[in-house]
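Below is one structure, written out as structure tokens; the observations come after it.
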Amino acid sequence: MLCPPLTMTQETVMSEPLTEQEIVRRQKLERLRQKGIDPYPTRAHRTHTAAEAIVAFEQGELAEEQSVTLTGRLMAIRIMGKASFAHIEDGSGRIQFYIRRDIVGDKTYEFFRRDLDLGDFIEVTGPVFRTRTGEITVNVHQIRLLAKALRPLPDKWHGLKDVETRYRHRYVDLMVNPEVRQIFIRRAQIVRALRRFLDERGFLEVETPILQPIYGGAAARPFITHHNQLNQDLFLRISFELYLKRLLVGGYEKVYEIGRDFRNEGISFKHNPEFTQLEFYWAYADYEQVMHLTEEMISYVAQEVLGTTKLIYQGDEIDLTPPWHRITLREAIKERTGIDYVQYPTAETLAAVMREHGFQPQAKATWGKLVDHLLGNAVEPYLIQPTFILDYPRDISPLAKKKPDDPTHVERFEFFIGGMEMGNAFTELNDPLDQEQRFLEMRRLYAPEDEEAHPMDEDYLLAQRYGMPPNGGFGMGIDRLTMLLTDQSSIREVILFPHLRSKG
RNA sequence: GGGCCCAUAGCUCAAUUGGCAGAGCAGCGGCCUUUUAAGCCGCGGGUUGCAGGUUCGAUUCCUGCUGGGCUCACCA
């Protein structure tokens with residue numbers, strides 16, 4: 001038989017016609033059913049993972065001819081007539097098995113040869129031995145199908161490279177690219193280490209609303225949704241800040257949250273519309289103490305996850321060992337551009353001198369945005385080693401407390417590693433009347449129809465009037481930290497299902 | 001949103017100046033009882049992202065569209 005007729009009459013929800021290989025696999029499925037074999041049996045059995053079987057054999061824990069039963073996905077097949085080698089892969093790794101016709105019999109051997117495909121999940125049982133070339137191998141006595149795969153696997157050597165397919169069908173990426181699987185294991189380790197670090201220091205993990213009637217705590221455009229029964233528009237949160245600080249009013253002294261923020265903005269190598277944030281708030285601390293905790297926390301995580309505080313990011317050697325470099329924003333900008341922004345206290349004069357220096361700021365940018373432009377364009381890309389940039393202009397930091405000796409600046413820092421902003425922190429503003437003025441100021445800065453204009457959170461002001469302890473707050477992008485610790489240049493490589501435009 | 005680049009078989013990639021769309025892997029048939037990117041022989045598989053245009057002839061040149069990548073802008 002050269003090629004079976006390429007027709008399939010079964011109804012399908014997929015719009016694409018079946019490929020030849022898919023038709024062949026469905027025919028095998030039918031053949032199995034006719035033989036009375038369930039291609040999707042309800043239960044599987046295993047005595048060892050692949051890794052456990054290998055260790056058990058190496059340590060002599062398996063008696064002569066003692067059978068093990070392993071499960072996994074069929075990843076490679078080498079048929080040599082009346083005997084064959086193949087590899088299965090489970091969550092612990094790969095292991096080879098050997099199957100001989102004279103051991104399993106004609107019927108089983110033909111089942112293996114004709115009915116199984118790469119990608120199928122199977123169960124194999126038999127004693128473990130070492131081949132002539134030294135590989136620990138299961139000598140199969142019984143083999144069973146656990147789940148038939150109806151789509152062919154990508155190239156066994158080159159894997160799946162097409163970036164769009166990797167993101168849209170991440171499960172395929174994960175099944176054939178082990179280094180991708182490793183990234184998300186490491187991501188979980190990072191989050192676990194952060195939790196452990198904060199838990200050990202008495203921080204309480206809390207959960208605050210994702211659906212919020214008023215958004216705030218950051219400068220970003222929100223996603224809007226709607227509650228039908230309440231007939232109420234709601235916003236997906238852009239930060240946790242205002243809710244977490246309410247908890248300090250309530251009496252908790254150390255709180256943190258790890259969760260998702262949503263920002264309705266541009267997508268780039270370091271921006272995804274939804275991303276994971278860590279924020280903590282610490283009563284009676286200031287931004288100096290938060291800085292200490294930050295460098296301690298990040299180096300702890302690196303030590304826990306990588307076993308070292310030195311790493312390579314995109315070709316640069318980075319040393320996370322504290323203490324980190326500290327420089328004021330004003331000095332950093334002066335160092336890189338020669339511009340001392342305090343000499344140009346209005347948007348007009350600052351924009352003018354920036355243009356003289358070759359910058360092209362937005363025409364209607366506020367003074368604070370101009371300073372931020374200088375930071376982002378002239379300073380940030382050079383901050384490869386971990387660096388705290390301190391003391392931001394007051395008018396771009398409406399939730400931060402003024403410096404006692406300089407009311408034009410606030411006690412705020414951002415920290416940068418590998419040329420990326422990793423986090424933002426400040427001595428939190430806890431003066432309810434000052435806070436109210438800041439909110440009113442922000443409202444004046446933006447026209448009401450401006451999408452960046454922020455609604456006034458009156459309940460937050462009310463909370464502060466009950467008394468909020470002085471405190472230091474902190475926010476950090478976990479996706480970016482994961483990029484750093486896995487040496488990835490795109491945030492999409494550290495998010496399992498990154499946002500992509502719909503097709504068609 | 002602007003600029004640049006990319007899209008060819010299930011996967012990874014070729015295709016000369018515009019001249020018959022190919023290879024490896026995967027698949028199918030055959031040989032092969034310690035292989036490991038197994039090997040050998042044979043066979044099938046394409047709306048070249050989509051829609052137009054130029055041309056005797058378009059994977060190739062042009063326009064538009066869709067999706068992706070990089071980059072700039074945007075992102076208190």
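Below, read A as the first sequence line, B as the second, and so on, with proteins coming before strands; counting in each chain starts at 1. Atoms considered below: every heavy atom in the structure, side chains included; atoms not considered: hydrogens, waters and symmetry mates.
Residues Y313(A) and S489(A) have side chains that never bring a donor and an acceptor to within less than 3.5 angstrom of each other. Looking at N424(A) and R412(A), their side chains do bring a donor and an acceptor atom within 3.5 Å of each other.
Heavy atoms of F269(A) sit under 4.0 angstrom from primed sugar atoms or phosphate atoms, though from no base atom. Residue T131(A) is classed as a base contact, given a heavy-atom separation below 4.0 Å to a base. Residue K161(A) is in sugar-phosphate contact alone, with no base atom involved, counting any heavy-atom pair closer than 4.0 Å across all strands shown. Within 4.0 Å of N264(A), counting heavy atoms only, lies no atom of the nucleic acid at all. Nucleic acid contact class of R438(A) (heavy atoms, under 4.0 Å, all strands): none. Across all strands, G376(A) comes closer than 4.0 Å to no nucleic acid atom at all (heavy-atom distances).
When the shell of 6.0 Å around CD of E458(A) is examined, it contains 12 or fewer heavy atoms from other residues, nucleotides or ligands. Counting heavy-atom neighbours within 6.0 Å of R78(A) CZ, excluding the residue itself, gives a total above 12.
Evaluated for a side chain to side chain contact (heavy atoms under 4.5 Å, CB included) with I99(A), the options N139(A), V124(A), V104(A) yield exactly one hit, V104(A).
Evaluation of atom-type donor-acceptor distances gives no pair under 3.5 Å for the side chain of E135(A) against the base of rU34(B). Judged by distance alone, with hydrogens and angles left aside, D117(A) brings no side-chain donor or acceptor close enough to the base of rG27(B) to form a pair under 3.5 Å. For rU12(B), the base has no donor-acceptor partner in the side chain of D162(A) [N/O atoms by modelled type, under 3.5 angstrom]. Judged by distance alone, with hydrogens and angles left aside, H271(A) brings a side-chain donor or acceptor within reach of the base of rC75(B), the pair sitting under 3.5 Å.
Among the nucleotides rU34(B), rU35(B), rA76(B), the one closest to any side-chain atom of F129(A) is rU34(B). For E20(A), the listed nucleotide lying nearest its side chain is rG44(B); candidates were rU33(B), rG10(B), rG44(B). The nucleotide whose nearest atom lies closest to any side-chain atom of Y167(A) is, among rU34(B), rU33(B), rG69(B), rG69(B). Of the candidates rC75(B), rC74(B), rU35(B), the closest approach to any side-chain atom of H373(A) belongs to rC74(B). With distances taken from any side-chain atom of V163(A) to the nucleotides rA76(B), rG68(B), rA73(B), the minimum falls on rG68(B). Considering only the side chain of V24(A), rC28(B) comes nearest among rC32(B), rC28(B), rC25(B). Proximity note for D155(A) (side chain, C-beta onward) versus rU12(B), rG69(B), rA26(B): the nearest is rU12(B). Closest to the A219(A) side chain, of the nucleotides rG67(B), rC75(B), rU12(B), is rC75(B). In the set rU33(B), rG69(B), rC75(B), rU33(B) carries the atom at the smallest distance from any side-chain atom of A83(A). Taking only side-chain atoms of R78(A), from C-beta outward, the nucleotide of rU35(B), rU33(B), rU71(B) with the closest atom is rU35(B).
A distance of about 41 Å separates the P atoms of rC43(B) and rU54(B), rounded to the whole Å. Comparing the C1' positions of rG29(B) and rA21(B) gives an interatomic distance of 25 Å, to the nearest angstrom. With C1' as the reference atom, rC50(B) and rA58(B) are 16 Å apart, rounded to whole Å. rC5(B) and rC65(B) have their P atoms separated by 16 Å, with the value rounded to a whole Å. rG22(B) sits 15 Å from rU60(B) when the C1' atoms are compared, rounded to a whole Å. Atom P of rU34(B) sits at a distance of 16 Å from the matching atom of rG39(B), rounded to the whole Å. The separation of rG30(B) from rU16(B), taken at their C1' atoms, amounts to 38 Å, rounded to a whole angstrom. A distance of about 33 Å separates the C1' atoms of rG10(B) and rU71(B), rounded to the whole Å.
Phosphate contact (OP1/OP2 of rA26(B), side-chain N/O of K156(A), threshold under 4.0 Å): present. Listed pair R221(A) / rC75(B) fails the phosphate criterion, with no side-chain N or O lying under 4.0 Å from OP1 or OP2. Proximity of R492(A) to the phosphate of rG69(B): a side-chain N or O atom is located under 4.0 Å from OP1 or OP2. For K369(A), a side-chain nitrogen or oxygen approaches OP1 or OP2 of rC75(B) to under 4.0 Å. Listed pair R114(A) / rG29(B) meets the phosphate criterion, a side-chain N or O lying under 4.0 Å from OP1 or OP2. Proximity of Q362(A) to the phosphate of rC74(B): a side-chain N or O atom is located under 4.0 Å from OP1 or OP2. Listed pair R168(A) / rG68(B) meets the phosphate criterion, a side-chain N or O lying under 4.0 Å from OP1 or OP2. Residue N139(A) places none of its side-chain N or O atoms closer than 4.0 Å to OP1 or OP2 of rU34(B). A close approach under 4.0 Å does not occur between any side-chain nitrogen or oxygen of R132(A) and OP1 or OP2 of rU34(B). At least one side-chain nitrogen or oxygen of R501(A) sits closer than 4.0 Å to the OP1 or OP2 atom of rG68(B). Proximity of K28(A) to the phosphate of rC28(B): a side-chain N or O atom is located under 4.0 Å from OP1 or OP2.
Protein atom CG of L150(A) is 15 Å distant from nucleotide atom P of rG27(B), rounded to whole Å. If you measure from atom NZ of K270(A) to atom C1' of rC70(B), you get 14 Å, rounded to the nearest angstrom. When the C1' atom of rG29(B) is taken as reference, atom CD1 of I79(A) falls 12 Å away, rounded to whole Å. If you measure from atom CZ of F97(A) to atom P of rU34(B), you get 16 Å, rounded to the nearest angstrom. Per the geometry, CD belonging to Q21(A) stands 10 Å off P belonging to rC11(B), to the nearest Å. To the nearest angstrom, P of rA26(B) lies 12 Å from CZ of R25(A).
Pair check for rU55(B) finds none; no Watson-Crick or G-U wobble contact set falls under 3.5 Å. For rG39(B), the paired base is rC31(B) (Watson-Crick or G-U wobble, both distances below 3.5 Å). Across the strands present, rA7(B) finds its partner in rU66(B); the criterion is a Watson-Crick or G-U wobble pair with both atom distances under 3.5 angstrom. In this structure rA14(B) sits in no base pair that meets the Watson-Crick or G-U test at under 3.5 Å.
In this structure, D459(A) pairs ionically with R246(A), as a charged nitrogen and a carboxylate oxygen lie closer than 4.0 Å. With respect to the salt-bridge test (charged N to carboxylate O, under 4.0 angstrom), the residues E428(A) and K401(A) do not qualify. The residues D391(A) and K403(A) are annotated as salt-bridged, a charged nitrogen and a carboxylate oxygen being separated by less than 4.0 angstrom. R166(A) and E493(A) are joined by a salt bridge, as a carboxylate oxygen and a charged side-chain nitrogen come within less than 4.0 angstrom of each other.
The nearest heavy atom of RNA chain B to R130(A) and to P154(A) marks one nucleotide each, and the one closer to the 5' end goes with P154(A). Toward the 5' end of RNA chain B, the nearer of the two residues P398(A) and H158(A), judged by each one's closest nucleotide, is H158(A).
The distance from the CG atom of L29(A) to the CD atom of E22(A) is 12.5 Å, given to the nearest 0.5 Å.
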